[in-house]
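Below: one structure, written as structure tokens.
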Protein chains: 2
Amino acid sequence: MRPFKIFLKTDLFRSKVCGGLDFTYDECNINIETFRYQFDTMLGTQRKVTIKEVAAEANVAVSTVSLVINQKGYVSEATRTRVEAATEKLSFVPSNAARQLISRKTGNIGFVTRSDHFVRNEPFYTQIFLGTEFEARNQNHYILLSTIPSPYSPGTDTPRFLRERNVDGILIAGRVDPLFITETTDAGIPVVLVDFEYSGLPAVIIDNQTGTREAVDYLIAKGRVHIAFLGAEMDHPSMEARLEGFRLAISKAAEIRDIESEILVVDGEPDHVAGQKLSMQLFSLDPFPTAVFCVNDAIAFSVLEMAAERGIVIPDELAVIGFDDVPRSSRSVPPLTTIRVYKEQLGELALRYLSELLQDNTENSGSFDRGSHSIQIPAELILRESA
Amino acid sequence: MRPFKIFLKTDLFRSKVCGGLDFTYDECNINIETFRYQFDTMLGTQRKVTIKEVAAEANVAVSTVSLVINQKGYVSEATRTRVEAATEKLSFVPSNAARQLISRKTGNIGFVTRSDHFVRNEPFYTQIFLGTEFEARNQNHYILLSTIPSPYSPGTDTPRFLRERNVDGILIAGRVDPLFITETTDAGIPVVLVDFEYSGLPAVIIDNQTGTREAVDYLIAKGRVHIAFLGAEMDHPSMEARLEGFRLAISKAAEIRDIESEILVVDGEPDHVAGQKLSMQLFSLDPFPTAVFCVNDAIAFSVLEMAAERGIVIPDELAVIGFDDVPRSSRSVPPLTTIRVYKEQLGELALRYLSELLQDNTENSGSFDRGSHSIQIPAELILRESA
DNA sequence: CCTTTATATCGAAACGTTTCGATATTTTTT
DNA sequence: AAAAAATATCGAAACGTTTCGATATAAAGG
């Protein structure tokens with residue numbers, strides 16, 4: 001809009017500069033942004049196109065362009081299409097940095113999980129992560145991933161995005177050191193837990209209890225009477241719920257008594273090591289059970305392996321059911337009957353939940369979080385050949 | 001520095017406002033940033049502390065604070081300590097958004113891998129990712145992860161960070177659709193490939209050939225004469241290199257002839273499906289080999305399983321060597337002798353390489369990339385019980 | 001026909017940094 | 001002793017957006 005003048009010292013330079021442009025030196029009465037854009041492209045200096053160039057191209061003010069791309073306020077149909085054409089033509093993409101700066105939001109969401117969880121053999125948390133990543137695209141968020149060590153020391157191990165306040169909210173997947181959780185909530189950063197619960201914070205979890213109950217009901221319906229329970233890390237809320245589900249299912253079945261002697265648990269992570277210990281205990285049980293519910297697939301695999309070594313026929317002599325439905329479950333020998341957890345969906349839901357929380361936060365700022373809920377998502381019994 | 005005045009309409013408001021502050025209404029001759037800071041904290045409106053407040057606290061200009069925290073230019077020892085104290089006191093963290101805006105850099109690095117690679121059973125690429133994540137902290141970068149589908153369609157599947165130019169560089173892990181690679185290079189974004197090579201682009205790869213040669217040399221040294229090679233996806237540069245290493249090792253051994261009949265390959269990913277096909281072929285070989293080199297651990301596991309079914313004793317009747325050293329290798333039966341790939345290190349190195357590239361790019365902008373190299377990192381033969 | 005309301009557009013300020021001269025002081029060189 | 005160079009500090013402009021009035025026109029209401 002505003003006309004401008006260029007003062008060039010030599011004729012040579014003058015011809016050089018204006019030679020590549022759409023207008024001559026004499027008629028430099030042109031929008032300065034258009035000039036800069038042309039000048040830069042002529043020199044090969046590819047600057048990012050900004051809202052200013054779009055505005056110049058569409059012959060409107062920058063504020064109008066802003067209104068168009070954010071779909072706010074009043075804009076006439078005519079200018080809207082004009083601006084959109086300009087945006088398209090110059091292939092304009094708004095600068096994230098500038099937006100962050102003015103909106104005082106980062107648009108980033110942190111995803112935190114324990115490093116040992118993340119690299120373990122079965123890609124459980126990896127799949128959850130991918131679920132959040134997928135949903136993040138819809139919600140126009142970026143995910144920053146950070147793993148934390150298991151005994152966590154605040155300050156030292158603090159993820160960079162937390163230290164630099166470079167996230168709007170944080171997703172915590174799986175059990176982590178409570179010190180980390182309090183560190184983030186103390187920092188005033190909204191948090192949603194995934195596959196874990198802690199002190200009433202918003203969480204997205206699996207309906208462990210119902211899932212387990214269905215599985216055990218199935219075993220009972222198939223006429224199995226001696227059903228063992230193999231568990232580990234029983235102070236984990238999910239594990240507690242699974243045991244609870246187990247007890248509930250058993251207690252409903254009139255024909256079964258004396259449960260406790262068939263509930264086997266060990267300390268530590270429910271991994272293959274625990275699985276081996278538990279299998280040993282299982283196979284020395286007397287009377288020998290006809291079915292076993294394992295608290296996760298890793299333990300079930302151990303049972304399968306050890307049964308194969310001892311020549312115990314599955315499922316005829318022993319029915320085995322796991323939990324999680326990791327990819328390997330479908331190709332174990334025999335394929336494992338297990339409870340499917342929709343991991344991607346878990347991640348998706350968690351992100352959407354957090355996203356909503358952030359929305360609410362800004363709309364009525366400082367409002368109390370209205371009775372933070374746990375969202376439960378159902379798990380599904382998948383029948384394969386081990387039960 | 002600049003004195004200011006506040007005009008408050010009522011006495012009540014006047015007392016309210018100044019009541020919580022360190023100074024009275026009469027002596028409002030104070031730095032305005034200090035006032036705002038105090039005022040905000042009084043109201044409980046926790047604004048992020050900015051460089052301005054630090055400057056006010058340390059009684060210097062904002063530019064001086066900037067010089068101190070970036071360790072640039074001339075700053076006297078006295079003011080430096082004063083500024084550092086202020087920074088510490090107010091626990092100031094520079095705003096990423098503002099920095100990005102002015103520096104025209106995002107500080108982000110994209111990590112791209114195929115989704116099926118990322119969620120596969122063995123956390124190979126997950127570990128590479130964690131390596132880059134680790135190094136990213138040192139280099140003050142954030143990692144944005146995105147997976148892409150295997151037949152990739154540019155435009156539709158384009159990761160958001162690429163579309164929005166929200167990364168300074170991209171790391172591509174494992175084989176991806178060439179269309180994606182050209183899309184990023186066309187966009188002028190520096191890229192480093194990890195565990196894959198393509199058209200002379202900078203890459204960080206494993207020394208596949210030497211690794212394989214060492215393994216086969218070891219088998220030969222142990223007196224194995226009939227050595228088979230099980231491979232898949234042989235158009236992959238890494239696989240080619242492994243086969244080349246195999247051939248080189250064999251050709252050096254005078255006592256071995258007729259290799260080709262013992263080189264078995266199938267198409268498609270080198271996963272357990274390929275492993276089963278290859279194992280079938282292997283076990284129908286005549287004369288039956290005394291050792292087998294598998295192009296990765298997944299295939300080796302299949303061999304192990306099928307050997308167990310057929311009662312073939314490992315390593316006595318058949319020595320088995322894999323490649324990758326995934327976590328499961330140490331607990332297979334028998335534990336797998338394999339070639340260890342330092343996955344975290346691979347990721348670390350790739351990030352450092354990319355980081356250097358970015359540095360160079362800005363320093364002498366527009367310079368040609370001086371003979372882009374592939375960095376090879378050595379693999380190590382790990383002796384366990386299968387060979 | 002005048003007043004209010006809705007629609008349309010714009011300019012300028014703000015967000016929180018970094019960097020580029022400008023200026024002032026001290027030290028070194030001639 | 002004067003000139004040049006090094007040191008120290010500062011103010012202002014810039015980065016690319018969004019948002020807040022202001023202003024102008026068109027439509028609606030009395």
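What's counted below: heavy atoms across the whole structure, side chains too, no hydrogens, waters or symmetry copies. Every chain is numbered from 1 and lettered A, B, ... according to where its sequence line falls, protein lines coming before strand lines.
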Out of [options], which has the shortest distance to the side chain of [X]?
| X | options | value |
| --- | --- | --- |
| B/Lys52 | C/dT19, C/dT17, C/dT7 | C/dT17 |
| B/Ser76 | D/dT18, D/dT9, C/dG16 | D/dT9 |
| A/Thr50 | C/dT17, D/dG16, C/dC10 | D/dG16 |
| B/Leu67 | D/dT17, D/dT9, C/dT17 | D/dT9 |
| B/Tyr74 | D/dA8, C/dT7, D/dG16 | D/dA8 |

How far apart are the closest heavy atoms of [X] and [Y], and which atoms are they?
| X | Y | answer |
| --- | --- | --- |
| B/Val191 | B/Leu357 | O-CD2, 4.2 Å |
| A/Lys48 | A/Val93 | NZ-O, 3.4 Å |
| A/Phe161 | A/Gly110 | CZ-CA, 3.7 Å |
| B/Ile51 | B/Phe92 | N-CE1, 3.4 Å |
| A/Asp168 | A/Ile189 | O-CG2, 4.1 Å |

Ring pair (Phe, Tyr, Trp, His ring centres under 6.0 Å) partners of B/Tyr142, counting only residues at least two apart:
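In terms of ring pair (Phe, Tyr, Trp, His ring centres under 6.0 Å), with neighbours along the sequence ignored, B/Tyr142 is linked to no residue.
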Find the distance [X]:[atom1] to [N]:[atom2] and express it as a whole number of Å.
| X | N | atom1 | atom2 | answer |
| --- | --- | --- | --- | --- |
| B/Gln100 | C/dT18 | CD | C1' | 14 Å |
| B/Arg99 | D/dT17 | CZ | P | 21 Å |
| B/Asn96 | C/dT17 | CG | P | 10 Å |
| A/Ile102 | C/dT17 | CD1 | C1' | 14 Å |
| A/Ile51 | D/dC15 | CD1 | P | 14 Å |
| B/Arg104 | C/dG16 | CZ | P | 21 Å |
| A/Lys105 | D/dT18 | NZ | C1' | 12 Å |
| A/Glu77 | C/dA8 | CD | P | 9 Å |

End-to-end axis angle, where each axis spans five pairs of the helix from C/dC1-D/dG30 to C/dT30-D/dA1, to 10°:
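If I round to tens, the end axes sit 40° apart.
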Heavy atoms under 4.0 Å, any strand shown: does [X] hit a base, just sugar-phosphate, or nothing?
| X | answer |
| --- | --- |
| A/Ser63 | base |
| B/Ser66 | base |
| B/Val93 | sugar-phosphate |

Does [N] have its OP1 or OP2 closer than 4.0 Å to a side-chain nitrogen or oxygen of [X]?
| X | N | result |
| --- | --- | --- |
| A/Ser95 | D/dT17 | no |
| B/Lys72 | C/dT18 | no |
| A/Thr79 | C/dA8 | no |

Quick test of your reading of the model: are A/Arg352 and A/Glu356 salt-bridged, counting only N-O distances below 4.0 Å?
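Judged by the 4.0 Å cut-off on N to carboxylate O distance, A/Arg352 and A/Glu356 do not form a salt bridge.
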Angle between ring planes, A/Phe129 versus B/Phe129, binned at 30° and 60°: parallel, tilted or perpendicular?
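Ring orientation of A/Phe129 relative to B/Phe129: tilted.
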